[in-house]
Each structure stands twice: as structure tokens, then as C-alpha cells.
Colleague: 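I'd like to ask some things about the structure below.
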2 protein chains.
Amino acid sequence: MSPRGRPDKREAILRTAFTVFAREGYAQATLDAIAAEARVAKHTIYNHFGDKQTLLRAALTAEADLARAKNMAAVDLLRDCVGDPRPALEAVGLRVIQCFCDDGGWALRRLFYAELPQFPDLLDIIEGRAASPVTEALADRLARLALAGQLRLTDPSAAAEQLSALLTGSLESRGRFGTRRIPEDEMRAVARAAVDTFLHAFGGERR
Amino acid sequence: MSPRGRPDKREAILRTAFTVFAREGYAQATLDAIAAEARVAKHTIYNHFGDKQTLLRAALTAEADLARAKNMAAVDLLRDCVGDPRPALEAVGLRVIQCFCDDGGWALRRLFYAELPQFPDLLDIIEGRAASPVTEALADRLARLALAGQLRLTDPSAAAEQLSALLTGSLESRGRFGTRRIPEDEMRAVARAAVDTFLHAFGGERR
DNA sequence: ACTATGATGCACTCGCCAGTGCAAAAAGGA
DNA sequence: TCCTTTTTGCACTGGCGAGTGCATCATAGT
């Protein structure tokens, strides 16, 4: 199952397809438009992907991989955390929020959400490639911190879930569902507030 | 601007249109299908709404009103709260979670999210009719509790935001984005955990 | 230079669907 | 009952877009 055709064209198609799909929606997006915007002949797209559905899956998979990589890099900031976990958590929080709010983040969630009923298998792509690995990685980091006595928690997965909820929960409405750009200061404030609440519940030191 | 036609037909069209739009997506949904499923002639739809876009807006507006009503009823449970706020908060949390997870909730969010780029004005419909009023109402209730000394908080809106985030943040993935039915017990557990964390941060009594 | 593989441009088919027109049938109010 | 308004069924148009076929061009390896 080796990928057919020139790899540079292939990647140009994937990137363009994702942006067009996200901007116009799967049904409204025309292969002619994607071909034009990617500076490629329509036939080339069919050479590489066969049909429109396959192109959608491929484009979404690629973007999901990208999103996972960015988020994993953010969570990994917790690896070298010594002493007070608050600054590290805030840094990670900010990075996670930035991933959530960048163009790819909004577009990925929108496209996924929109086309899920038509393509139920997108669920496996997204969950397996982006969502689950990231929260599990975060849970791992929190477990280590707990073991080091810097957090007080029994269920790392549950704590990770709540931390991500606190971080990203308000962003949809704050960012007007992708139509508004959230300023850096606001992101930092959200991260700070989220970590503050999180540490009230799971912080190691008694108050 | 009196609504044309028989009102019963009108409502049947609205309900059916919403379900079909949510199930198939705006572009894939055909007016013939909606007409058939609503047991109505296609012409009747055009009599009432003029064209497909108007129908989408009307259907989405109606469902948003419904969602707001349900959520407001849930939040209002905090009105008659005396003594320990925990049980009341958990009750409200459960109700809010149920609203979020019922068929209408999933469908409304999906459809809104999916068609937002094509119809930017959906943002005003959803924000004005559903999202904002509910979180503001919740903020009002929290402010009253704070004034009564049962919570310790300075910014009711921020607290309301965090509480909703804790309640609903994990539901998207737990419910597999609408493809899985969350059992009642799990909802109750989520509500309990959310309120627990919330009270660690904003509870009135010192620990 | 030669050849194979992929890229391009263009024209074309085929199916689908929003929206329309018309004439007949209900429904409802006086 | 009569008249008006709404609903119905059906046939039709017009446009749009996925996917194909074919001939031609570019490119890379040998």
C-alpha cells in the first residue's frame, strides 16, 4: 500500500484539502476548488486518494497527528518539574490552550464534529490519534507528581480530565467558536485560574 | 410578520427539519426528505419558510430556545438552597449534564458547530438564546450563595464558567461525541466529582 | 536519448436537488 | 352553502459537482 505519486504534491493536497474542508464543510467543498488552491490538477487528487471520502479521512488524520504532537510536547513540559508544581502547570496549561485555540485546533474540532455523523470512523481516528493519548500522557505526569508528594490525588485520569476541562472548557465561548482571536493575556489568565482551582483540589500542601 | 400557514404543520416541519439537519447535515439534507418525514408536501415548507436557509435558522432557533428553557429550569434549583450547598449543586450539576447529553443537546451543538462557517449569524442565535443566558443565570445563583456566606468567591461569572467546565468538559469524550449513551450513574459521578473540586476552590468553610 | 510513471487540461456523463408552476383537493370561516 | 386560504401531488427546470476518458506534457532513472 505504498502511497502513489509525488510526495510533495501529496502533501500540498492534504494541507489544502484540510483547510478547504474546514472552511467550507465537506459537502460544499468541491474537488475543483481544492485542486485549484493546491495548484494541482484534479486528476492528481484522484491518483493519490481515489475519492473524496478517502481524501477527507487522510486530511483529517494528518491534522490529528499534528495536533497530538503539539499537545504531547506541551504536556512533556511537566517532565522536568521540581519543587512547586504551579508554574509548570501554568506553563503547560498555556501551551495546551494555545494548541486548542490555534487555527488547526478550531478547524480540526469543527470538521470532526461536523462530519462525524456521516463518517462514524472519524471517531477512532480522532480519539486514537489525538484525544486519548494526550489526556493519558497528562495523567501520567500528574501521577508522577503525586508520587513525588507534590499533588494529592487518587485517580490521575480523573484529575487529568478535570484539569483539561478547567483549561479548555471556557474557550469555545470565549473564542466565539473560532470566530474570535483570544489575546495572549486572556489565555494566561484562564490558565492561571484553571491551575489555581486545580491546586485547591489537588495541591499537595494543606491550607 | 405573522407566521403563514397552519401552526401545527409549521411545528411539525420545524421539529423534523431539526432532526434531519442534525442527522444528515445541512447540505446533505434534502427538503424532499424533510417533507416526507414530516408528512407534509414540499410546497408547504416553502409556504412557511421560503427557502432552505431560513428553515435551518428557524429550526435551530427553536431548538436553542428549548435547550435554554431546560437549562434555566435546572439552574433554578439553586434558588431554594438553604444550608450546605453541596447537595443542591450536585442536583443542578446532574440536571445540566442531562441537558447536555440528551438527544437535543448533542444534535444542537453538532449542527451549530458544523454550519457556523456557512452561517455566521448562527453565533448570535446560539449565544444569545442559549449559552450566555444560562451561564449568567448560574453566576447569579452563585453570587447569592456567596452573599449568604455559603461560597467564597469574588467573580461569580468566572466561578460559573469553571463549574460548567468541570461539569461538561469531559462529556464530549465520555459520550463519544454523541455516539454513546452515558449511563445515569456515570453522570452522577461526574457531577459529584465536579462539585467536589468546585467546593474545594470556592467552598465557604475552611478545611 | 529512451522509457515509464505520474501530472495536466479539457470535455463529458450522470445523478442529485433547490426551487417553481399548475391544477386539484381540503379546511375553515361567513 | 360559498369563498378564501392552505395544502397536496406531480412534473419540470436549471445548476452544480463527483468522477471518468483521453491525449499530451513533465520528469526521473538508466
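In the text below, chain A, chain B and the rest are named by the order of the sequence lines, each starting its count at 1.
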Colleague: For the pair made of CG in N47(A) and P in dG19(D), what is the distance, rounded to whole Å?
Modeller: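 Distance check: N47(A) CG to dG19(D) P gives 14 Å.
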Colleague: Going by atom types alone, do T197(B) and Q162(A) pair a side-chain donor with an acceptor below 3.5 Å?
Modeller: yes
Colleague: Kindly say whether, by distance alone, the side chain of H43(A) makes a donor-acceptor pair under 3.5 Å with the base of dC22(D)?
Modeller: yes
Colleague: From CG of D8(B) over to C1' of dG28(C), roughly how many Å is that when rounded to an integer?
Modeller: 13 Å
Colleague: Just checking, is any N or O donor in the side chain of R174(B) or S170(B) under 3.5 Å from an acceptor N or O on the other one?
Modeller: yes
Colleague: Between dG19(D), dG19(C), dT6(D), which nucleotide gets closest to the side-chain atoms of L31(B)?
Modeller: dG19(C)
Colleague: On the nucleotide dT6(D), are OP1 or OP2 found under 4.0 Å from the side-chain N or O atoms that H48(B) carries?
Modeller: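 So the side chain of H48(B) is outside the cut-off, no N or O lying under 4.0 Å from OP1 or OP2 of dT6(D).
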Colleague: Would you kindly give the CG-to-P distance between D51(A) and dG17(D), to the nearest whole Å?
Modeller: 18 Å
Colleague: dG15(D) C1' sits how many Å from Q28(A) CD, rounded?
Modeller: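 Atom-to-atom, Q28(A) to dG15(D), this comes out as 15 Å.
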Colleague: Whole-Å distance between dT5(D) P and K9(B) NZ?
Modeller: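 Answer to the nearest Å: 19 Å.
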Colleague: Output the rounded distance in Å from NZ (K52(B)) to P (dC16(D)).
Modeller: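 Rounded to the whole Å, the gap is 15 Å.
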Colleague: Any donor-acceptor pair under 3.5 Å joining the side chain of K42(B) to the base of dG9(D)?
Modeller: no
Colleague: Look at the side-chain N and O atoms of T44(B) and state whether any lies under 4.0 Å from the OP1 or OP2 oxygen of dT8(D).
Modeller: yes
Colleague: Thinking salt bridges, do E63(A) and R68(A) make one under a 4.0 Å N-O criterion?
Modeller: no
Colleague: Please report, rounded to the nearest Å, how far the C1' atom of dC10(D) is from the OH atom of Y46(B).
Modeller: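 Taking OH of Y46(B) and C1' of dC10(D), I get 15 Å after rounding.
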Colleague: With a 6.0 Å cut-off (strictly less than), is the heavy-atom count around CZ of R57(A), excluding the residue itself, greater than 12?
Modeller: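 Correct, the count exceeds 12.
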Colleague: What's the closest nucleotide to the side chain of A41(B) if the choices are dT8(D), dA18(C), dA7(C)?
Modeller: dT8(D)
Colleague: Measure CD1/I34(B) against P/dC17(C) and give the value in whole Å, please.
Modeller: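 Taking atom P of dC17(C) as the reference, CD1 of I34(B) is at 12 Å.
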Colleague: Does this structure show an ion pair linking D102(A) with K70(A), if we count only N-O contacts that are shorter than 4.0 Å?
Modeller: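 Yes, D102(A) and K70(A) are salt-bridged.
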Colleague: Out of dG19(D), dA18(D), dT7(D), which nucleotide sits closest to the side chain of D32(A)?
Modeller: dA18(D)
